[in-house]
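Nothing here was measured: the structure is a model prediction, and the numbers come from that model. Along the sequence shown, residues carry numbers from 1.
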Amino acid sequence: MSKVPRIPNLGGARAFVLHRPHPTVQAITRQLSAIGLETVACWPELPAEALAADFVFFDADLGFDEQFPWTPGEAPMPLVALIGSEAPGRIEWALSHKADAQLLKPVGNAGVYSALLIARQSFEARKLLASEISSLRLRVAERQTIVRAVEALSKGAGDGRAYAQLRSLAMSWQISVEEAARRIVAMTEEGGDDQSHRA
(Lines give C-alpha, C1' and ligand atoms only; values in the text may rest on other atoms or scores of the structure.)
Protein backbone atom coordinates (compact mmCIF):
# COMPACT_ATOMS: atom_id res chain seq x y z
CA MET A 1 0.00 0.00 0.00
CA SER A 2 1.42 3.40 -0.93
CA LYS A 3 1.90 6.03 1.75
CA VAL A 4 -0.72 8.79 1.71
CA PRO A 5 0.97 12.23 1.68
CA ARG A 6 0.35 14.24 4.83
CA ILE A 7 -1.61 17.47 4.31
CA PRO A 8 0.78 20.33 5.16
CA ASN A 9 -0.15 23.22 7.42
CA LEU A 10 -0.22 26.25 5.13
CA GLY A 11 -0.75 28.86 7.84
CA GLY A 12 1.86 31.62 7.69
CA ALA A 13 2.78 30.92 4.05
CA ARG A 14 3.02 33.81 1.60
CA ALA A 15 1.25 33.88 -1.76
CA PHE A 16 1.63 36.40 -4.56
CA VAL A 17 -1.32 36.92 -6.90
CA LEU A 18 -0.14 38.23 -10.27
CA HIS A 19 -3.40 39.49 -11.74
CA ARG A 20 -4.84 42.85 -12.77
CA PRO A 21 -7.21 44.39 -10.18
CA HIS A 22 -10.34 42.26 -10.47
CA PRO A 23 -12.96 40.46 -8.33
CA THR A 24 -10.92 37.27 -8.97
CA VAL A 25 -8.09 38.71 -6.84
CA GLN A 26 -10.54 39.55 -4.04
CA ALA A 27 -12.02 36.02 -4.10
CA ILE A 28 -8.56 34.42 -3.96
CA THR A 29 -7.39 36.80 -1.22
CA ARG A 30 -10.48 36.01 0.91
CA GLN A 31 -9.86 32.26 0.64
CA LEU A 32 -6.12 32.57 1.27
CA SER A 33 -6.73 34.71 4.37
CA ALA A 34 -9.22 32.14 5.70
CA ILE A 35 -6.57 29.42 5.27
CA GLY A 36 -3.99 31.59 7.08
CA LEU A 37 -1.81 32.78 4.19
CA GLU A 38 -0.48 36.28 3.71
CA THR A 39 -1.41 37.57 0.24
CA VAL A 40 0.35 40.13 -1.95
CA ALA A 41 -1.49 41.26 -5.08
CA CYS A 42 0.62 42.69 -7.90
CA TRP A 43 0.36 43.69 -11.55
CA PRO A 44 1.81 43.88 -14.18
CA GLU A 45 4.89 42.01 -12.89
CA LEU A 46 6.17 40.16 -9.87
CA PRO A 47 8.47 42.17 -7.59
CA ALA A 48 11.87 40.73 -6.64
CA GLU A 49 10.62 39.72 -3.18
CA ALA A 50 8.30 37.23 -4.89
CA LEU A 51 11.35 34.97 -5.20
CA ALA A 52 10.84 34.16 -1.50
CA ALA A 53 7.10 33.41 -1.93
CA ASP A 54 5.60 30.04 -1.00
CA PHE A 55 3.09 30.18 -3.89
CA VAL A 56 2.39 32.32 -6.94
CA PHE A 57 -1.01 32.57 -8.62
CA PHE A 58 -0.76 34.03 -12.13
CA ASP A 59 -3.19 35.16 -14.81
CA ALA A 60 -2.88 32.78 -17.75
CA ASP A 61 -5.14 34.96 -19.91
CA LEU A 62 -3.07 38.16 -19.96
CA GLY A 63 0.26 36.86 -18.68
CA PHE A 64 3.60 37.15 -20.48
CA ASP A 65 7.13 35.83 -19.84
CA GLU A 66 8.66 39.14 -18.77
CA GLN A 67 6.35 39.30 -15.73
CA PHE A 68 8.42 36.67 -13.95
CA PRO A 69 11.91 37.13 -12.45
CA TRP A 70 12.92 33.63 -13.63
CA THR A 71 13.19 31.66 -16.86
CA PRO A 72 9.90 30.02 -18.00
CA GLY A 73 9.53 26.64 -16.33
CA GLU A 74 12.07 27.37 -13.56
CA ALA A 75 9.92 28.91 -10.83
CA PRO A 76 11.38 28.32 -7.35
CA MET A 77 7.91 27.78 -5.87
CA PRO A 78 4.58 26.14 -6.80
CA LEU A 79 2.57 28.03 -9.43
CA VAL A 80 -1.21 28.13 -9.81
CA ALA A 81 -2.54 29.23 -13.21
CA LEU A 82 -5.73 31.32 -13.21
CA ILE A 83 -7.47 30.32 -16.43
CA GLY A 84 -10.47 32.10 -17.91
CA SER A 85 -9.86 31.56 -21.60
CA GLU A 86 -9.38 28.04 -22.89
CA ALA A 87 -7.61 29.28 -26.03
CA PRO A 88 -4.95 26.67 -26.87
CA GLY A 89 -2.19 29.31 -27.07
CA ARG A 90 -2.95 30.58 -23.56
CA ILE A 91 -3.04 27.09 -22.08
CA GLU A 92 0.19 26.23 -23.88
CA TRP A 93 1.79 29.35 -22.43
CA ALA A 94 0.65 28.41 -18.89
CA LEU A 95 2.08 24.91 -19.42
CA SER A 96 5.41 26.39 -20.59
CA HIS A 97 5.66 27.92 -17.11
CA LYS A 98 5.02 24.48 -15.60
CA ALA A 99 1.92 25.52 -13.67
CA ASP A 100 1.51 22.99 -10.85
CA ALA A 101 -2.26 23.52 -10.50
CA GLN A 102 -5.04 25.61 -12.00
CA LEU A 103 -8.11 27.53 -10.95
CA LEU A 104 -10.83 28.33 -13.44
CA LYS A 105 -12.11 31.90 -13.51
CA PRO A 106 -14.36 33.32 -12.28
CA VAL A 107 -13.11 32.14 -8.89
CA GLY A 108 -15.94 31.55 -6.42
CA ASN A 109 -15.90 30.80 -2.71
CA ALA A 110 -13.99 27.51 -2.97
CA GLY A 111 -11.14 25.87 -4.83
CA VAL A 112 -8.09 27.75 -3.57
CA TYR A 113 -7.22 25.30 -0.77
CA SER A 114 -7.24 22.25 -3.05
CA ALA A 115 -5.25 24.20 -5.69
CA LEU A 116 -2.61 25.01 -3.05
CA LEU A 117 -2.30 21.39 -1.93
CA ILE A 118 -2.17 20.03 -5.50
CA ALA A 119 0.36 22.70 -6.52
CA ARG A 120 2.61 21.93 -3.54
CA GLN A 121 2.49 18.17 -4.19
CA SER A 122 3.10 18.55 -7.92
CA PHE A 123 5.97 21.01 -7.36
CA GLU A 124 7.68 18.71 -4.82
CA ALA A 125 7.30 15.71 -7.15
CA ARG A 126 8.76 17.72 -10.06
CA LYS A 127 11.70 18.87 -7.90
CA LEU A 128 12.38 15.29 -6.78
CA LEU A 129 12.27 14.02 -10.37
CA ALA A 130 14.65 16.79 -11.54
CA SER A 131 17.06 15.88 -8.73
CA GLU A 132 16.95 12.18 -9.67
CA ILE A 133 17.55 12.99 -13.36
CA SER A 134 20.50 15.20 -12.44
CA SER A 135 21.93 12.43 -10.25
CA LEU A 136 21.53 9.86 -13.04
CA ARG A 137 23.22 12.17 -15.56
CA LEU A 138 26.11 12.64 -13.16
CA ARG A 139 26.44 8.88 -12.72
CA VAL A 140 26.42 8.34 -16.50
CA ALA A 141 29.12 11.01 -16.90
CA GLU A 142 31.18 9.35 -14.14
CA ARG A 143 30.89 5.96 -15.84
CA GLN A 144 32.10 7.47 -19.09
CA THR A 145 35.06 8.94 -17.18
CA ILE A 146 35.81 5.52 -15.68
CA VAL A 147 35.73 3.94 -19.16
CA ARG A 148 38.14 6.60 -20.46
CA ALA A 149 40.46 6.05 -17.48
CA VAL A 150 40.40 2.26 -17.99
CA GLU A 151 41.23 2.77 -21.69
CA ALA A 152 44.13 5.06 -20.74
CA LEU A 153 45.48 2.53 -18.23
CA SER A 154 45.00 -0.59 -20.38
CA LYS A 155 47.60 0.16 -23.10
CA GLY A 156 47.08 -3.23 -24.69
CA ALA A 157 46.45 -5.08 -21.42
CA GLY A 158 42.97 -6.31 -20.61
CA ASP A 159 40.28 -3.98 -19.36
CA GLY A 160 39.90 -6.11 -16.23
CA ARG A 161 43.52 -5.51 -15.24
CA ALA A 162 43.22 -1.80 -16.04
CA TYR A 163 40.10 -1.51 -13.87
CA ALA A 164 41.86 -3.34 -11.02
CA GLN A 165 44.74 -0.88 -11.39
CA LEU A 166 42.30 2.04 -11.25
CA ARG A 167 40.75 0.63 -8.04
CA SER A 168 44.20 0.11 -6.57
CA LEU A 169 45.15 3.72 -7.37
CA ALA A 170 41.92 4.96 -5.79
CA MET A 171 42.69 3.02 -2.59
CA SER A 172 46.29 4.23 -2.43
CA TRP A 173 45.18 7.84 -3.03
CA GLN A 174 42.31 7.30 -0.53
CA ILE A 175 39.69 8.67 -2.91
CA SER A 176 36.70 7.23 -4.77
CA VAL A 177 37.12 5.29 -8.01
CA GLU A 178 35.28 8.11 -9.82
CA GLU A 179 37.70 10.75 -8.50
CA ALA A 180 40.68 8.55 -9.38
CA ALA A 181 39.27 8.14 -12.90
CA ARG A 182 38.93 11.95 -13.21
CA ARG A 183 42.60 12.32 -12.16
CA ILE A 184 43.77 9.68 -14.67
CA VAL A 185 41.76 11.28 -17.49
CA ALA A 186 43.10 14.75 -16.56
CA MET A 187 46.71 13.46 -16.51
CA THR A 188 46.17 11.72 -19.85
CA GLU A 189 44.76 14.91 -21.39
CA GLU A 190 47.62 16.99 -19.97
CA GLY A 191 50.10 14.49 -21.40
CA GLY A 192 48.38 14.73 -24.78
CA ASP A 193 48.53 18.53 -24.64
CA ASP A 194 52.24 18.44 -23.76
CA GLN A 195 52.93 16.15 -26.72
CA SER A 196 50.96 18.39 -29.08
CA HIS A 197 52.95 21.44 -27.87
CA ARG A 198 56.22 19.56 -28.43
CA ALA A 199 55.17 18.44 -31.93
Side-chain angles (χ1 to χ4, degrees), residues 1-139 141:
M1 184 186 289
S2 63
K3 185 180 172 186
V4 176
R6 205 174 131 274
I7 302 234
N9 178 7
L10 300 174
R14 196 166 190 222
F16 279 71
V17 181
L18 180 61
H19 196 288
R20 70 198 183 285
H22 189 272
T24 291
V25 177
Q26 295 161 10
I28 292 170
T29 301
R30 253 192 325 272
Q31 290 184 58
L32 289 172
S33 296
I35 298 164
L37 277 79
E38 178 191 341
T39 308
V40 180
C42 49
W43 187 261
E45 60 190 32
L46 283 171
E49 62 262 27
L51 289 167
D54 297 292
F55 297 92
V56 169
F57 290 75
F58 69 94
D59 184 8
D61 299 333
L62 297 176
F64 52 94
D65 291 345
E66 292 74 23
Q67 290 181 298
F68 302 97
W70 53 74
T71 305
E74 295 181 13
M77 77 288 292
L79 298 180
V80 179
L82 301 168
I83 299 174
S85 164
E86 291 189 324
R90 290 282 81 198
I91 294 173
E92 189 176 313
W93 178 79
L95 289 171
S96 77
H97 279 272
K98 292 191 167 58
D100 299 294
Q102 67 173 26
L103 264 177
L104 294 179
K105 297 191 286 182
V107 176
N109 294 322
V112 168
Y113 184 63
S114 59
L116 289 172
L117 296 180
I118 290 166
R120 167 77 60 87
Q121 179 84 12
S122 177
F123 178 75
E124 294 299 331
R126 193 159 41 85
K127 266 187 13 186
L128 180 63
L129 184 60
S131 172
E132 288 173 357
I133 289 170
S134 176
S135 174
L136 287 171
R137 284 183 175 150
L138 182 61
R139 286 173 58 192

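- Counting heavy atoms from C-beta on, the side chains of Leu128 and Glu124 never come closer than 4.5 Å.
- A heavy-atom distance below 4.5 Å is found between the side chains of Leu18 and Trp43.
- The backbone N or O of Ile91 lies less than 3.5 Å from no partner atom in the side chain of Glu86, so there is not a single donor-acceptor pair.
- In plain terms, the two heavy atoms of Ala119 and Pro78 that are nearest each other are O-CB, 3.6 Å.
- When all heavy atoms are compared, the tightest approach of Ala101 to Ala115 is CB-O, 3.5 Å.
- Across all their heavy atoms, Asp100 and Arg126 have their closest contact at OD1-NH2, 2.7 Å.
- Not one N or O on the side chain of Arg120 forms a donor-acceptor pair closer than 3.5 Å with the backbone of Phe55.
- Separation of atoms NZ (Lys127) and OG (Ser131) is listed at 9.5 Å; rounding is to 0.5 Å.
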Task: Step-by-step side chain to side chain contact (heavy atoms under 4.5 Å, CB included) determination, Val112 to Leu37 - done: CA-CA 11 Å; Val112 168; Leu37 277 79; over 6 Å; no
TODO: Please step through side chain to side chain contact (heavy atoms under 4.5 Å, CB included) for the pair Ile118 and Gln102, ending with a clear verdict.
DONE: CA-CA 9 Å; Ile118 290 166; Gln102 67 173 26; over 6 Å; no
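- If you take NZ on Lys105 and OG1 on Thr24, they are separated by 5.5 Å, rounding to the nearest 0.5 Å.
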Task: Derivation of the side chain to side chain contact (heavy atoms under 4.5 Å, CB included) call for Phe123 and Leu79 - done: CA-CA 8 Å; Phe123 178 75; Leu79 298 180; over 6 Å; no
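- Going from atom CG of Leu62 over to atom OG of Ser85 covers 9.5 Å, rounded to the nearest 0.5 Å.
- Considering only heavy atoms from C-beta on, Ile28 stays 4.5 Å or farther from Thr39 through its side chain.
- When each of Phe57, Phe64, Phe68 is paired with His97, the ring pair (Phe, Tyr, Trp, His ring centres under 6.0 Å) condition holds for Phe68 and for no other.
- Here the NE2 atom belonging to His19 is positioned 11.0 Å from the OG1 atom belonging to Thr29, to the nearest 0.5 angstrom.
- Residues Ala60 and Ala94 share a closest heavy-atom pair of CB-CB, 4.0 Å.
- With rounding to the nearest 0.5 angstrom, the CG atom of Leu103 is 9.0 Å from the CD1 atom of Ile83.
- Residues Glu49 and Val40 form no side-chain contact, since every pair of their non-hydrogen atoms from C-beta on lies 4.5 Å or further apart.
- The environment of CZ in Arg139 is sparse: at most 12 heavy-atom neighbours from other residues, nucleotides or ligands sit within 6.0 Å.
- Side chain of Arg14 to backbone of Glu38: no donor-acceptor contact under 3.5 angstrom is found.
- The distance from atom CG of Leu46 to atom CZ of Phe16, rounded to the nearest 0.5 Å, is 7.5 Å.
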Open item on the list: Could you go through Leu10 and Leu32, starting from their C-alpha distance and side-chain angles, then the distance that decides it, and tell me whether this counts as side chain to side chain contact (heavy atoms under 4.5 Å, CB included)?
Closed with: CA-CA 9 Å; Leu10 300 174; Leu32 289 172; over 6 Å; no
